[in-house]
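I have placed the structure first, in the form of structure tokens, so that the comments after it can refer back to it.
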Amino acid sequence: MKNKRWYISIFIIVNIIAMIFVYHQETQAIQKIFDVHSQEYQDEVKDTMSHYTHSFQLFSQMLTNEIQDHPRPDEIWKYLKSIDKKMLQIEGETFDGLYMYYQDRYLYSWDTPYEQYVNTGYNAKERPWYKNAIKEKGKIVFTPPYMSYANHYVLSTISQLQSDGKTVFAYDIKMGNIQKIVHTLSRYDNEQIMIFDKAGTIIGSSEEKYLGGNLNASLQEDKQVIDDVKETLAKTTVDEEIEKLKEQMDSAQSFYNFQQEFHEDYQHLTKKPQQAQLYKFNHTYYYKFYIYF
């Protein structure tokens with residue numbers, strides 16, 4: 001009887017070891033598959049960001065040549081307005097406007113009357129696109145992306161300080177190509193994908209309501225966003241603005257719910273950004289890898 005129990009115990013132990021071995025092998029195989037998947041996303045995002053940069057360089061070269069031939073600010077302003085539609089034809093849906101700080105003036109390509117900027121106290125030198133360009137001293141820089149609830153897309157600005165140390169060129173881009181990557185490279189049912197920048201701003205997501213959310217924000221900060229939108233909504237009477245605010249609140253609430261789902265485990269999603277890792281939260285496995293610029 002003792003021998004029988006001994007054999008049963010050995011049988012159970014061997015099977016447990018075998019199960020652990022098989023699980024380990026399967027986990028490694030899954031890890032390799034997702035590592036390849038991660039690299040595909042990385043490559044696609046890098047190609048897209050290179051395209052955005054190339055578009056800016058095209059505009060920058062065109063504008064540099066124009067300044068050499070016609071250096072007066074009024075002439076440059078007319079030039080910007082004249083090429084706005086041409087740039088839209090060349091770059092398609094990526095393009096969202098050209099502007100610059102030149103000889104102490106803010107010049108732009110769209111049709112908004114300048115008085116609107118004066119009345120709101122707009123100061124180009126206080127804007128992130130200008131300050132970031134000055135800080136980086138000639139490097140091409142991207143401002144933190146943000147969600148335009150008015151137009152339903154994520155926006156960013158590329159800017160660069162020019163060789164005179166004063167002039168800054170800027171180029172607004174719609175980052176819709178990042179969202180296309182999410183849809184075209186999706187492989188699995190119920191797969192949830194997020195692509196975000198170094199600041200944590202989500203610029204691509206299989207759940208579009210998460211666009212514009214920030215993975216680095218705390219639950220308290222995201223709750224404050226919801227409260228702020230509610231307060232603004234209560235004071236708004238213009239129907240068009242009400243619809244935008246409702247959409248913004250819906251997105252903010254969805255992202256807040258996503259954070260709450262993970263509770264304390266949420267912090268794992270923002271740790272070790274360079275590593276692809278498998279986590280288990282609430283009896284469900286999640287594979288996490290970061291794609292950011």
Side-chain angles (χ1 to χ4, degrees), residues 38-68 76 79-80 82-102 106-110 124 127-148 151 153-185 193-205 211-212 214 273-274 289-293:
S38 171
Q39 190 60 51
E40 288 178 354
Y41 276 102
Q42 294 278 5
D43 293 342
E44 288 287 341
V45 171
K46 286 179 181 178
D47 287 345
T48 299
M49 299 310 295
S50 294
H51 173 73
Y52 292 150
T53 302
H54 176 74
S55 297
F56 174 79
Q57 290 171 326
L58 170 65
F59 153 65
S60 182
Q61 186 59 53
M62 292 167 60
L63 192 50
T64 298
N65 293 339
E66 187 65 22
I67 289 174
Q68 290 174 352
I76 296 302
Y79 176 73
L80 287 177
S82 73
I83 65 171
D84 189 80
K85 291 182 179 179
K86 294 179 183 178
M87 291 297 294
L88 181 60
Q89 291 174 350
I90 294 171
E91 299 300 334
E93 60 186 22
T94 294
F95 174 77
D96 201 48
L98 310 168
Y99 48 105
M100 61 189 297
Y101 187 79
Y102 175 63
Y106 175 53
L107 311 176
Y108 50 86
S109 65
W110 49 90
R127 306 301 297 173
W129 61 267
Y130 179 89
K131 295 171 78 170
N132 290 347
I134 295 295
K135 180 181 178 181
E136 293 300 326
K137 300 178 180 179
K139 292 182 181 179
I140 294 175
V141 293
F142 288 79
T143 61
Y146 63 94
M147 184 67 183
S148 172
N151 301 300
Y153 50 69
V154 176
L155 282 170
S156 182
T157 301
I158 311 175
S159 59
Q160 182 185 37
L161 178 66
Q162 301 305 298
S163 58
D164 63 1
K166 299 177 181 179
T167 302
V168 173
F169 294 166
Y171 179 102
D172 273 354
I173 55 171
K174 303 172 189 175
M175 306 191 76
N177 289 342
I178 300 294
Q179 188 65 359
K180 287 181 180 178
I181 291 172
V182 171
H183 294 309
T184 57
L185 290 184
I193 301 163
M194 291 182 190
I195 301 175
F196 52 95
D197 70 350
K198 290 180 181 179
T201 303
I202 298 171
I203 59 175
S205 175
L211 289 173
N214 193 298
Q274 300 299 333
F289 57 84
Y290 284 4
I291 304 170
Y292 65 155
F293 58 90

Give every donor-acceptor pair under 3.5 Å between a side-chain atom in residues 131-140 and any protein atom, sequence neighbours left out.
from, atom 1, to, atom 2, distance (Å)
Asn132, ND2, Pro128, O, 3.3

If you look at every heavy atom in Ser159 and Phe56, which pair is closest and at what distance? C-CZ, 4.0 Å
So, using side chain to side chain donor-acceptor pair (under 3.5 Å) as the criterion, who are the partners of Gln89 when residues are at least two apart? none
Under the side chain to side chain donor-acceptor pair (under 3.5 Å) rule, collect the residues that match up with Ser205, sequence neighbours excluded. none
Could you tell me which residues satisfy side chain to side chain donor-acceptor pair (under 3.5 Å) with Asp47, sequence neighbours excluded, listed by chain and number? none
Using ring pair (Phe, Tyr, Trp, His ring centres under 6.0 Å) as the criterion, list what pairs up with Tyr52, not counting sequence neighbours. none
Holding to ring pair (Phe, Tyr, Trp, His ring centres under 6.0 Å), I want the full list of residues that pass it with Phe95, two or more places apart in sequence or in another chain. Tyr171
Residues in side chain to side chain contact (heavy atoms under 4.5 Å, CB included) with Gln179, at least two apart? Val182, His183, Glu208, Leu211
Check against side-chain contact (heavy atoms from CB on, under 4.5 Å), Leu63 and Ile76: CA-CA 8 Å; Leu63 192 50; Ile76 296 302; 4.0 Å; yes
Decide if atom NE2 of His51 counts as having more than 12 heavy atoms of other residues, nucleotides or ligands within a radius under 6.0 Å. yes
Check: Tyr108 and Leu98 side chains under 4.5 Å, non-hydrogen atoms: no
Are the aromatic ring centres of Tyr101 and Tyr106 under 6.0 angstrom apart? no
For Asp84 against Ser109, the heavy-atom pair lying closest together: OD1-OG, 2.5 Å
At their closest point, which heavy atom of Trp129 faces which heavy atom of Ala124, and how far apart are they? CZ2-CB, 3.8 Å
Please examine the side chains of Phe142 and Ile173, heavy atoms only from C-beta on, and report whether any two atoms are closer than 4.5 Å. yes
Any side-chain heavy atom of Met100 sitting closer than 4.5 Å to one from Val168? no
Side-chain touch Leu161/Thr167, heavy atoms, less than 4.5 angstrom: no
The side chain to side chain contact (heavy atoms under 4.5 Å, CB included) partners of Gln61 (sequence neighbours excluded) come to Asn65
Hey, could you give me the CE/OG distance between Met87 and Ser82, rounded to the nearest 0.5 Å? 11.5 Å
Distance check, rounded to the nearest 0.5 Å: Asp43 atom CG versus Thr48 atom OG1? 10.5 Å
By side chain to side chain contact (heavy atoms under 4.5 Å, CB included) - contacts of Leu58 (at least two apart): Met62, Ile90, Glu91
How far does OH of Tyr102 sit from CG of Asp164, to the nearest 0.5 angstrom? 8.5 Å
Would you say Val141 and Gln160 make side-chain contact, with heavy atoms under 4.5 Å? no
Residues which pass side chain to side chain donor-acceptor pair (under 3.5 Å) with Tyr99, listed by chain and number, not counting sequence neighbours: Thr157, Asp172
Where do Lys174 and Asp96 land on the side-chain contact (heavy atoms from CB on, under 4.5 Å) test, with the steps shown first? CA-CA 6 Å; Lys174 303 172 189 175; Asp96 201 48; 3.1 Å; yes
Contact between Ser60 and Gln162 at the side-chain level, heavy atoms closer than 4.5 Å - yes or no? yes
Taken to the nearest 0.5 Å, the spacing of Ser55 OG from Ile158 CD1 works out to 7.0 Å
Which heavy atom in Val154 sits nearest to a heavy atom in Pro145, and how many Å separate them? CG1-CB, 3.7 Å
Using the side-chain contact (heavy atoms from CB on, under 4.5 Å) rule, take Phe169 and Ile67 through it: C-alpha gap first, then chi angles, then the decisive distance, then the call. CA-CA 12 Å; Phe169 294 166; Ile67 289 174; 3.8 Å; yes
